[in-house]
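Quick notes on the structure that follows.
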Amino acid sequence: MSDVIGLFSFSSALLDFVFYYPLFMAYLWMIGGIYYYLHWERPEKRAVDDPPPLQEYPFVSILIPCFNEEENVRETVAWAHAQAYPDFEVIAINDGSTDRTGALLDELRAEYPRLRVIHHARNQGKAVGLRMGALAARGEVLVCIDGDALLDPHATTWIARHFVEGPRVGAVTGNPRIRTRSTLLGKLQVGEFSAIIGLIKRTQRIYGRVFTVSGVVTGVRKAALHRIGYWTPDMVTEDIDLSWKLQRDHWDVRYEPRALCWILMPETLGGLWKQRLRWAQGGVEVLGRYGTSLLQWRRRRMWGVLLEHSLSVVWSHLMALTIALWALGLVLPMPEPLRVASILPEWYGVLLGFTCLLQFAVSLSIDGRYEGGMGRYYYWMVWYPIAFWIINMITTVAAVPKALLKRRGTRAVWVSPDRGLRVTP
Amino acid sequence: MITPDRSQLIIDQPRLQGRTQRVVSGTVTAVAWFVWAYLWLPLATLVAWYFGVRSFVREVVIPDASTVLWTGVTYLAVIFLLGVVLLTWSRYNLRRFGGSERRAATPPLTADDITAWFGISHETLDSLRGGASLIVEHGAEGEVEGVRVRDPLAGETSPGDAPSGDATAGAGVRDSASAGGEKELAGT
């Protein structure tokens, strides 16, 4: 009998956790986002195009690792080269591309005097490409962007400012803005980046440590990179890995919402799935590699992000279990302790619907200042926070075995999912 | 040559997708809105009941007022508690670590640090830093095996320690800024 009671309370506790974790996390992100905004963003009142003058302008090296980017590299180099910053160089690393990327880059040198090009004789992966960029860079501050990303003209100043003002700043992550918005998937990601990822990043800054920089636009201090051994070639997402290594070594990682970078995102289900699965796998990999080493007292500032990330992995599995039990209950008579009558209690639904609405309202008021006209995308996605958690669940559950079964030392390879719909320039 | 133009950044051309895809997207969005609206049904029912619409499609279980109140208070308390924990932790960290640099600033990276870590010679490092177009050969582990400079940087022989006297104006500015930047950053 006591066993039955034990099981019963287990199943109701399970349900409570599964239902309430995403809900209360949404409120935590809203509180964090609002606090960050009031504390850091509002008082300064500076527009994206109006960065403050810096005490000094350290020489910056903009690194662009490219693999088969013939369609994008012209635009990427043009934007990087147009930085409103006094002293910088642009280093494109052609990682053994099999298309015309290499030839194009060499041609572009005639038009863009600050451009330098490193060709890899053979393909080495993004981490090695970035390492070569760091090795060749003459600046102490590196701004790393992807081969299809367009760096906003003032982004370098906004990023460099943190390195000048904070000697313990190891990295600065910018604000990726999605360009590809033709399809439903594109529009959803616009909302996801502004309403969910933006709030999460701000909240993580409030609890001191961030889960990851955005690999697509990140500033790094070379001395910090050197201390942590640069980018790791065998981690599937080099940006998550870099963030954990830097913060484990007590470097500060900042978020700069005004350092905009315009990016292309997948607009097909297959492309999106590949990308998200890779992100989830990257998250599981860092947990495995660095998780236990972060439990020391002197690394306590990492505990917030460690707890959040671990809980989300646990939540994903419990949610999958709950859905499985509920689905099983539809076709089979289930013993009472394991019976999940409904996966959406009625009143919880109201709360969920209200929370989605509130989350978008909060994010719109915070994020709207970086890009006008965001409101019209909200029609496509008021329900998206629910989908976000479902995607999170599926990719995490699929990523865990992939991460566990991967042999350590396997070099990460370039993954180029589709880059959305557009007429190629 | 491409001139960066912000007005060209956003690509929102639904016409680029096929008709089927457009229809599917519209349908999915409509269904999702319906599902989202469905979440509100208990509330809608309650409101309808309040106004005396007894013939509502279905009846929801209306908990008694004290339960609703109690649940609401619990939710708010949890949210409040989360906020307090987050802000306390943030304040604690700001007081504890804000404004003070407890660790000595990291010394600037020297060429020796870098060559030792990457296992390369000073000549190789100079080639890497001094090339405008380079070809790099790698070993099995991604280590540098050789560097060929196809085109050196204009006016520079060895950018790390180029004599400022004979460098071209542009390169001279870059060099001094680079070296100065490293010193300043590491020293603050």
Side-chain angles (χ1 to χ4, degrees), chain A residues 24 27-28 31-32 35 56 58-59 74-75 78-79 82 87 106 109 111 116-122 124 128 132 135-136 138-140 150 153 163 167-168 179-184 206-208 222-224 226-227 233 250 262 301 304 346-347 349-350 352-353 356 380 382-383 420-422, chain B residues 1-2 4 9-14 16-17 21 25 28-29 32-33 35-36 39-43 60-61 75 78-79 82-83 86-87 89-90 93 101 103 105-106 108-109 113-114 117-118 125 128-129 131-138 142 153 159 173-174 177-178 181-182 184-186 188:
Chain A
F24 288 124
Y27 284 98
L28 187 72
I31 296 170
Y35 181 69
E56 55 164 327
F59 184 77
R74 271 180 188 283
E75 243 182 329
W79 280 75
D87 260 328
D106 278 330
R109 281 184 40 239
E111 296 171 35
R116 299 170 60 201
V117 184
I118 303 174
H119 300 278
H120 287 181
R122 274 180 300 125
Q124 299 293 328
V128 173
M132 289 309 109
L135 196 50
R138 293 174 301 157
E140 170 66 15
L150 310 183
F163 294 109
R168 298 300 306 159
R179 299 179 61 200
T180 37
R181 305 178 180 184
S182 302
T183 63
L184 176 62
I206 294 303
Y207 53 70
K222 205 153 70 176
H226 187 79
R227 272 184 59 102
H250 307 285
W262 302 89
R301 286 191 78 191
E346 288 182 330
W347 287 96
V350 177
L352 200 63
C356 290
W380 297 92
V382 166
W383 47 275
L421 292 183
R422 63 183 186 135
Chain B
M1 187 147 179
I2 296 171
L9 282 171
I10 305 301
I11 307 153
D12 188 352
Q13 298 171 344
L16 288 177
Q17 47 186 338
Q21 199 181 355
S25 299
V28 168
T29 308
W33 265 94
V35 170
W36 184 77
L39 296 176
W40 293 85
L41 192 64
L43 194 67
V60 289
V61 184
Y75 286 165
V78 171
I79 292 166
L82 282 174
L86 177 69
L87 300 192
W89 174 253
S90 161
N93 276 293
E101 292 303 329
R103 296 194 340 173
T106 309
L109 276 186
D113 295 333
I114 296 172
W117 198 91
F118 281 95
L125 182 63
L128 276 160
R129 289 185 168 179
S133 178
L134 304 159
I135 298 176
V136 183
E137 306 267 359
H138 292 91
L153 277 175
V173 170
R174 283 208 291 275
S178 172
E182 285 188 23
E184 292 288 327
L185 276 173
T188 34

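Note: hydrogens, waters and symmetry copies are ignored here, and every other heavy atom, side chains too, is used. A quick note: this is a predicted structure, and the numbers were derived from the prediction, not measured. Within every chain, numbering begins at 1; the chains are lettered A, B, ... in the order of the sequence lines, protein sequences first and strands thereafter.
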Non-hydrogen side-chain atoms of [X] and [Y] separated by less than 4.5 Å:
X	Y	value
B/Ile10	A/Arg181	yes
A/His119	B/Val136	no
B/Leu86	A/Leu28	yes

Could you walk me through whether A/His120 and B/His138 pass the side-chain contact (heavy atoms from CB on, under 4.5 Å) check? CA-CA 8 Å; A/His120 287 181; B/His138 292 91; 3.4 Å; yes

Which portion of [X] sits near chain B, non-hydrogen atoms under 4.5 angstrom:
X	result
A/Arg109	side chain
A/Trp262	side chain
A/Glu111	both
A/Tyr35	side chain
A/Leu135	both

Taking A/Ser182's backbone N and O only, do any of them form a donor-acceptor pair with B/Gln17's side chain (distance below 3.5 Å, no angle check)? yes

Return the option, out of A/Ile206, A/Thr180, A/Val128, A/Ile31, with the maximum number of heavy-atom pairs under 4.5 Å with chain B. A/Ile206

Which bit of [X] is near chain A, if near means a heavy-atom gap under 4.5 Å: side chain, backbone, both or neither?
X	value
B/Leu125	side chain
B/Gln21	side chain
B/Trp89	side chain

When rounded to the nearest 0.5 angstrom, what is the spacing between [atom1] in [X] and [atom2] in [Y]?
X	Y	atom1	atom2	result
A/Met132	B/Phe118	CE	CZ	5.5 Å
B/Gln13	A/Thr183	CD	OG1	12.0 Å
A/Tyr27	B/Tyr75	OH	OH	10.0 Å
A/Leu184	B/Thr29	CG	OG1	4.0 Å
B/Ile135	A/Ile118	CD1	CD1	11.5 Å
B/Asp12	A/Arg179	CG	CZ	12.5 Å

Could you tell me which non-hydrogen atom of [X] sits nearest to which non-hydrogen atom of [Y], and how far apart they are?
X	Y	value
A/Ala78	B/Pro4	O-CG, 3.8 Å
A/Gly353	B/Trp40	C-CZ2, 3.6 Å
A/Lys222	B/Leu109	O-CD1, 3.8 Å

Could you go through A/Trp79 and B/Leu9, starting from their C-alpha distance and side-chain angles, then the distance that decides it, and tell me whether this counts as side-chain contact (heavy atoms from CB on, under 4.5 Å)? CA-CA 11 Å; A/Trp79 280 75; B/Leu9 282 171; 3.7 Å; yes

